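Please read the structure below before turning to the comments.
Remember, predicted model here, so these are calculated numbers, not experimental data. To find a chain, count down the sequence lines: A is the first, B the second, and so on, and within it residues start at 1.
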Protein chains: 2
Amino acid sequence: MTEEIEPLLAQPLQIAPSWNAYQAACPTRLMLNRIADKWTVLVLGLLESETKRFSTLQREIGGISQKMLTQTLRGLERDGLIARMVYPEVPPRVEYTITPLGQTLAGLLGALRGWSEAHMDEVLQAQSAYDKAEQGALKPEAANGVRRVRF
Amino acid sequence: MTEEIEPLLAQPLQIAPSWNAYQAACPTRLMLNRIADKWTVLVLGLLESETKRFSTLQREIGGISQKMLTQTLRGLERDGLIARMVYPEVPPRVEYTITPLGQTLAGLLGALRGWSEAHMDEVLQAQSAYDKAEQGALKPEAANGVRRVRF
DNA sequence: CCGTATCCAATGGGATACTG
DNA sequence: CAGTATCCCATTGGATACGG
């Protein structure tokens with residue numbers, strides 16, 4: 001748990017080594033680091049419409065392990081984006097609900113989903129074009145001037 | 001010399017095994033997996049306002065390695081979100097520009113930045129509240145009820 | 001049913017050295 | 001200046017087994 005951080009105490013308030021203040025203080029970076037894992041956005045999206053229990057989430061997502069679902073839910077709960085309710089029954093029942101704060105974020109992520117669906121074909125097309133150009137680059141023919149300028 | 005081929009960016013959207021069709025076909029998942037790394041969003045944000053060259057980006061970001069900046073720029077270029085221009089000068093000059101497609105995405109990410117800045121304090125507050133409750137759970141004092149039952 | 005604990009493979013990403 | 005090529009470690013996340 002408590003590692004050796006003694007040597008760091010001698011230093012004058014450096015947040016992260018070799019990082020400037022801009023990044024460390026940037027809330028966007030912090031939030032992105034929280035959202036940008038494999039399952040968080042998906043779970044939040046599923047809870048946006050209605051309250052669900054653990055097993056339901058696991059079934060609807062499909063392919064997530066118990067460990068990761070628990071971990072993801074804990075993270076969202078810690079950030080105040082969802083709420084966890086335990087009903088002392090037998091067998092136990094646990095429900096997860098999105099909070100008002102979580103709703104506002106889910107709305108934004110919905111917009112991102114809309115963008116993805118609207119522009120996915122363009123991205124895929126750009127990818128195949130890029131890969132095709134890479135293939136051609138292996139054959140040094142007209143490698144002059146400004147290469148691969150594409151809009 | 002290169003024993004193992006580097007399939008890094010050259011792969012055409014591979015689908016992970018043991019995933020159901022819902023996830024694999026979901027464009028949002030695909031885009032999130034592309035955006036959700038350590039530097040992509042930051043780089044796109046810096047290029048939103050103006051064209052910049054490699055060294056400028058590295059300096060302004062601060063803390064990113066050459067390898068990761070190159071990798072990030074390649075990924076964005078492959079997706080058609082930025083364009084790369086090489087000017088055959090001595091010393092060589094390379095500039096990166098955001099594309100119209102990239103602009104639309106950058107706008108959304110700007111909204112996400114706005115959310116982060118607006119709600120960061122709420123999230124931090126929720127976190128400390130959660131952590132505080134965790135501490136209390138170590139001392140089992142009745143605390144029975146519907147909420148937060150830790151074992 | 002809802003977790004927690006442990007092990008382990010895959011990936012991400014930094015440091016460094018070298019090239020055109 | 002703008003990369004490429006290696007090495008290597010820290011983190012992520014899946015599989016499995018166990019517990020309230």
Side-chain angles (χ1 to χ4, degrees), chain A residues 3 16-19 23 29 32-40 42-43 52-59 61-75 77 84-96 134 137-138 140 143-144 146-148, chain B residues 1-11 14 16-20 23 32-40 42-43 52-59 61-75 77 84-96 134 137-138 140 144 146 148-151:
Chain A
E3 302 175 358
S18 78
W19 280 29
Q23 308 167 43
R29 296 291 296 277
L32 274 174
N33 287 338
R34 275 292 359 266
I35 297 299
D37 56 46
K38 197 170 181 178
W39 304 110
T40 295
L42 191 57
V43 169
K52 280 168 181 155
R53 45 192 302 186
F54 188 90
S55 54
T56 305
L57 283 170
Q58 188 168 25
R59 177 167 30 80
I61 293 176
I64 189 174
S65 60
Q66 283 182 336
K67 171 188 168 182
M68 287 316 299
L69 182 53
T70 300
Q71 191 171 303
T72 302
L73 290 168
R74 289 293 175 281
E77 186 194 2
R84 177 177 184 264
M85 286 161 295
V86 180
Y87 298 94
E89 302 172 353
V90 179
R93 180 165 58 99
V94 180
E95 288 186 349
Y96 293 92
E134 284 298 278
L138 295 178
N144 54 353
V146 180
R147 295 169 50 187
R148 198 163 54 237
Chain B
M1 293 309 170
T2 47
E3 352 174 318
E4 299 182 23
I5 303 177
E6 192 97 32
L8 192 60
L9 297 169
Q11 293 230 350
Q14 186 161 0
S18 78
W19 281 25
N20 60 29
Q23 307 165 42
L32 274 173
N33 287 338
R34 277 293 358 268
I35 298 299
D37 56 45
K38 196 170 182 180
W39 305 108
T40 295
L42 191 57
V43 169
K52 278 166 182 154
R53 44 192 305 187
F54 189 90
S55 53
T56 305
L57 283 170
Q58 188 167 24
R59 176 167 30 83
I61 294 176
I64 190 174
S65 60
Q66 285 179 339
K67 172 187 167 182
M68 288 315 298
L69 181 53
T70 300
Q71 190 172 305
T72 302
L73 289 168
R74 291 292 175 282
E77 186 194 2
R84 177 177 183 263
M85 286 161 296
V86 179
Y87 299 93
E89 303 172 355
V90 178
R93 181 164 58 99
V94 180
E95 288 187 350
Y96 294 91
E134 284 300 277
L138 294 178
N144 199 350
V146 181
R148 182 129 40 236
V149 180
R150 285 241 154 276
F151 304 101

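OP1 and OP2 of dC2(C) both lie 4.0 Å or more from every side-chain N or O belonging to Y96(A). Between dC2(C) and S55(A), a contact under 4.0 Å exists linking OP1 or OP2 to a side-chain N or O. Between dG3(C) and R53(A), no contact under 4.0 Å exists linking OP1 or OP2 to a side-chain N or O. Within the structure, every side-chain polar atom (N or O) of R84(A) is placed at least 4.0 Å from both OP1 and OP2 of dC2(C).
Separating the OH atom of Y87(A) from the P atom of dC1(C) is a distance of 17 Å, rounded to the nearest angstrom. Atom CG of L69(B) is separated from atom C1' of dG14(C) by 14 Å (rounded to the nearest Å). For F54(A) and dT4(C), the CZ to C1' distance is 11 Å, given to the nearest whole Å. Distance CD1 (I64(B)) to P (dA2(D)): 14 Å, rounded to an integer number of Å. Between the P atom of dA15(C) and the CD atom of Q66(B) lies a distance of 11 Å, rounded to the nearest Å. In this structure, K38(A) places its NZ atom 13 Å from P of dA10(C), rounding to the nearest Å. Whole-Å rounding puts the E95(B) CD to dC1(D) C1' distance at 13 Å. In this structure, L73(A) places its CG atom 8 Å from P of dG3(C), rounding to the nearest Å.
Looking at residues two or more places apart in sequence or on another chain, you find a salt bridge (charged side-chain N to carboxylate O under 4.0 Å, His left out) between R93(B) and E89(B), E95(B).
Shown here for W39(B) and D37(B), the closest heavy-atom pair between the two residues is N-OD1, 3.1 Å. Of all heavy-atom pairs spanning Q58(B) and I64(B), the tightest one is NE2-O, 3.4 Å. Of all non-hydrogen atoms in L57(B) and Y96(B), the two that sit nearest each other are CD1-CD1, 4.3 Å.
I35(B) contributes atom CD1, which lies 14.0 Å from atom CD1 of I35(A) (distance to the nearest 0.5 angstrom).
Along DNA chain D, the nucleotide closest to P91(B) and the one closest to S65(A) are compared, and the more 5′ of them pairs with P91(B). Between M68(A) and P92(A), the residue whose closest nucleotide on DNA chain D is further toward the 5' end is M68(A).
In this structure, the side chains of T72(A) and L42(A) stay at 4.5 Å or more apart for every pair of heavy atoms.
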Atom pairs under 3.5 Å, N or O on each side, protein against nucleotides 5-9 of chain C: can you list them with distances?
none

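Distance alone, capped at 3.5 Å, places no donor-acceptor pair between the R84(A) side chain and the L73(A) backbone.
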